[in-house]
Amino acid sequence: MTDTPTESAVLQWFTRLNEWRKTNISERMFVLVLAFWVGLLSAVAAFVLHSIINLIGRLLTSQFDADSSNWLYLVYPAVGIFLTMLFVRYVVKDNISHGITRILYAISSNHSRLRSHNMWSSVIASAVTIGFGGSVGAEAPIVLTGSAIGSNLGKLFKMDSRTLMLLVGCGAAGAIAGIFKAPIAGLVFTIEVLMIDMTMTSLLPILVSCVTATCFTYIFSGDAALFSFHLDEGWTIQRAPACVFLGIFCGLVSLYFVRMMNFCESFFARFSAHSYVKLTIGALLLSLLIYLFPALYGEGYNSINLLLHGHSTADWDNILNNSHFAGQSEMLIPYIALVLLTKVFATSATNGAGGVGGTFAPSLFVGCFSGFLFSRLWNVYEIGVYVPEKNFALMGMAGVMSGVMHAPLTGIFLIAELTGGYSLLLPLMIVSVCSYLTIILFEPHSIYGARLAKEGKLITHHTDHAVLTLMQLDAVIERSYIAIEPDMNLGEIVRKVSRSHDRFIPVLDPAGSLLGEIDLDSIRHIMFRTELYHHFTARQLMQPPPALLSDRMTMAEVMKTFEQTRADWLPVLNDDSHLRGYISRQRLFTQYRKMVADMSEE
């Protein structure tokens with residue numbers, strides 16, 4: 001298919017622009033320019049997404065009676081998931097769920113390349129899902145959108161893999177900063193969750209993206225904070241024990257959230273990608289839960305604001321509105337507890353049935369309800385000194401986020417920036433750290449990184465492990481080998497390998513499966529005795545290799561195999577035992593040392 005004249009003219013113009021850029025703008029300065037645009041476009045995407053969600057929500061629920069249950073809660077979520085599934089199946093035609101996990105995978109296994117449709121597809125899909133009541137968050141789709149913007153801008157200007165990784169981080173940081181008007185949280189999120197190492201080269205572009213996204217979000221939406229919080233009572237040291245226990249409680253709640261999420265995902269994974277059975281099960285479960293507990297509708301930010309802004313039981317009772325429990329103050333604590341326990345099922349059902357959304361907002365939601373429940377019970381049963389429920393609801397948000405995401409600094413700074421609650425910085429630290437220390441006893445990886453960690457594809461801040469994760473097996477396989485058949489005699493072998501510089505000669509059957517290999521050093525004493533040429537065949541001379549490598553192995557496993565066998569060369573086989581080529585120990589370690597040196601540069 002040939003380009004149209006217009007497309008060719010645009011391509012030529014862009015090529016000339018790129019050449020001018022390379023000549024007149026330094027690489028470091030141009031990365032800062034790209035970081036600015038990534039931040040701006042991430043802020044635009046966040047604003048558009050939240051505007052659409054709010055618009056759909058107002059249109060669907062503005063006429064609901066607050067004093068009774070509403071049967072339309074049984075309909076809206078199912079409709080939203082169905083529409084999302086149709087959009088993904090027939091328009092996107094790609095899997096766009098697990099946004100942050102997909103970013104981590106792109107960084108570790110795809111040279112930080114994200115598909116172009118990720119710049120818009122997640123925005124539309126998650127807007128429909130959440131607007132109609134899907135119990136998920138918009139943050140992960142926006143983070144994926146921002147990262148995809150960074151990745152595709154980098155690809156457009158032919159940036160190398162390291163710069164692409166940095167631009168992906170800029171997009172993620174800009175998305176978080178834009179959504180929450182929290183530039184520090186955006187920066188810290190990129191360090192803790194995406195594991196982007198902070199050098200002087202990478203720090204400035206990410207800061208530029210965060211500040212740009214935050215400033216433009218203020219321009220788009222004004223000064224109002226996402227959550228309304230006013231500190232009535234300052235923190236005192238007498239409340240430190242309660243903060244410690246809250247942190248432990250949040251860690252256990254985070255463990256419950258992660259484990260149940262994984263269990264539910266495993267259940268829905270049994271069905272095919274666009275199964276109507278999966279859609280039916282998930283939609284029915286979600287609709288029923290939202291009908292019983294309307295606080296589960298959508299992102300749940302209205303419920304969070306009720307708990308953070310309330311001063312008395314009368315204020316907090318508003319969270320019972322639209323449910324069967326409306327007006328029954330005595331049901332507040334049981335309702336809060338039930339919502340806390342069922343939120344994970346509502347979130348899993350939304351994504352499992354075919355909706356698109358993340359676990360970022362659900363972790364904030366569960367954290368707020370956990371902190372409120374803990375403090376309410378603490379005060380009702382007079383366990384210790386009185387603790388303000390709204391303060392502990394705020395600290396619970398930081399605690400559960402820290403536990404679920406394994407990101408205590410993100411939890412601390414995000415909640416502090418979100419609510420202006422810097423006066424609670426010390427208790428936020430206590431709760432977040434205690435929550436994190438509790439969950440790592442049971443779960444070594446975050447909810448985002450667990451899947452990749454099982455495959456050995458999770459980037460970490462350990463340079464050696466990060467390098468092994470980023471190294472590509474295909475890049476070190478040498479395929480220019482000369483193979484021989486098992487019945488070939490020594491004379492034929494000598495004639496064939498006379499053109500080869502390899503030491504090891506693979507012996508393959510007609511199907512291409514490896515039977516063994518011949519070490520030319522071991523047969524050198526008979527190679528030039530012509531009287532023996534018809535006395536030996538390849539089958540008699542071949543030996544099993546010291547070990548076999550699979551093309552599904554991680555580079556860490558490949559390295560370990562070389563260290564254990566002390567071999568110079570090892571064959572790589574595919575799933576059918578067909579030979580794909582050889583890996584040289586020398587080439588492997590040369591590339592490893594080069595990548596370590598590149599990654600260590602400031």
Side-chain angles (χ1 to χ4, degrees), residues 13-45 103-104 106-108 110-114 116 118-119 143 145-178 182-217 459-463 466-467 469-472 591-602:
W13 176 84
F14 182 79
T15 301
R16 290 196 298 269
L17 174 65
N18 203 23
E19 291 299 324
W20 178 89
R21 185 269 303 177
K22 291 179 180 178
T23 305
N24 296 277
I25 303 177
S26 69
E27 193 77 4
R28 179 171 294 187
M29 182 59 66
F30 189 65
V31 170
L32 295 179
V33 173
L34 291 180
F36 170 84
W37 283 104
V38 169
L40 169 58
L41 295 174
S42 297
V44 171
I103 298 170
L104 292 171
I107 291 173
S108 64
N110 201 27
H111 300 288
S112 300
R113 295 176 181 272
L114 290 161
S116 57
N118 288 130
M119 294 188 290
V143 170
T145 299
S147 295
I149 291 170
S151 176
N152 283 275
L153 271 179
K155 286 192 292 183
L156 188 63
F157 288 98
K158 297 180 170 50
M159 296 295 178
D160 58 37
S161 295
R162 290 183 65 198
T163 305
L164 281 182
M165 184 191 298
L166 176 57
L167 291 173
V168 165
C170 288
I176 295 295
I184 298 176
L187 173 66
V188 174
F189 172 85
T190 305
I191 300 171
E192 283 193 306
V193 178
L194 298 188
M195 301 293 179
I196 302 295
D197 280 321
M198 288 296 100
T199 64
M200 289 308 297
T201 303
S202 60
L203 180 61
L204 192 54
I206 293 177
L207 280 174
V208 168
S209 181
C210 289
V211 172
T212 302
T214 305
C215 290
F216 276 96
T217 301
I459 295 289
T460 75
H461 285 304
H462 299 291
T463 301
V467 167
T469 305
L470 292 170
M471 286 179 67
Q472 301 293 314
Q591 182 168 339
Y592 170 79
R593 285 191 292 269
K594 181 180 183 301
M595 290 185 67
V596 168
D598 289 343
M599 188 169 285
S600 300
E601 289 179 359
E602 289 296 321

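Source: prediction; values computed, not measured.
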To the nearest 0.5 Å, how far apart are [atom1] in [X] and [atom2] in [Y]?
X: Leu167; Y: Phe157; atom1: CG; atom2: CZ; answer: 10.5 Å
X: Leu34; Y: Met159; atom1: CG; atom2: CE; answer: 5.0 Å
X: Lys158; Y: Leu156; atom1: NZ; atom2: CG; answer: 7.5 Å
X: Leu32; Y: Thr212; atom1: CG; atom2: OG1; answer: 10.0 Å

Any [X] side-chain heavy atom under 4.5 Å of [Y] side chain:
X: Arg28; Y: Leu204; value: no
X: Phe216; Y: Val44; value: no
X: Asn118; Y: Thr145; value: no
X: Thr163; Y: Val31; value: yes
X: Ile176; Y: Val188; value: no

Just by modelled atom types, is the [Y] backbone N or O under 3.5 Å from a matching donor or acceptor in the [X] side chain?
X: Ser147; Y: Val168; answer: yes
X: Ser42; Y: Val38; answer: yes
X: Ser151; Y: Leu114; answer: yes

What closest approach, in Å, do [X] and [Y] show between heavy atoms, and which atom pair accounts for it?
X: Pro205; Y: Ala35; result: O-CB, 3.3 Å
X: Val143; Y: Ala172; result: CG1-CB, 3.7 Å
X: Asn152; Y: Met119; result: CB-SD, 3.9 Å
X: Cys210; Y: Gly186; result: SG-C, 3.9 Å
X: Ala177; Y: Pro183; result: CB-CA, 3.8 Å
X: Gly174; Y: Ala213; result: O-CB, 3.1 Å

Listed partners of Val211 passing side-chain contact (heavy atoms from CB on, under 4.5 Å), at least two apart: Cys215

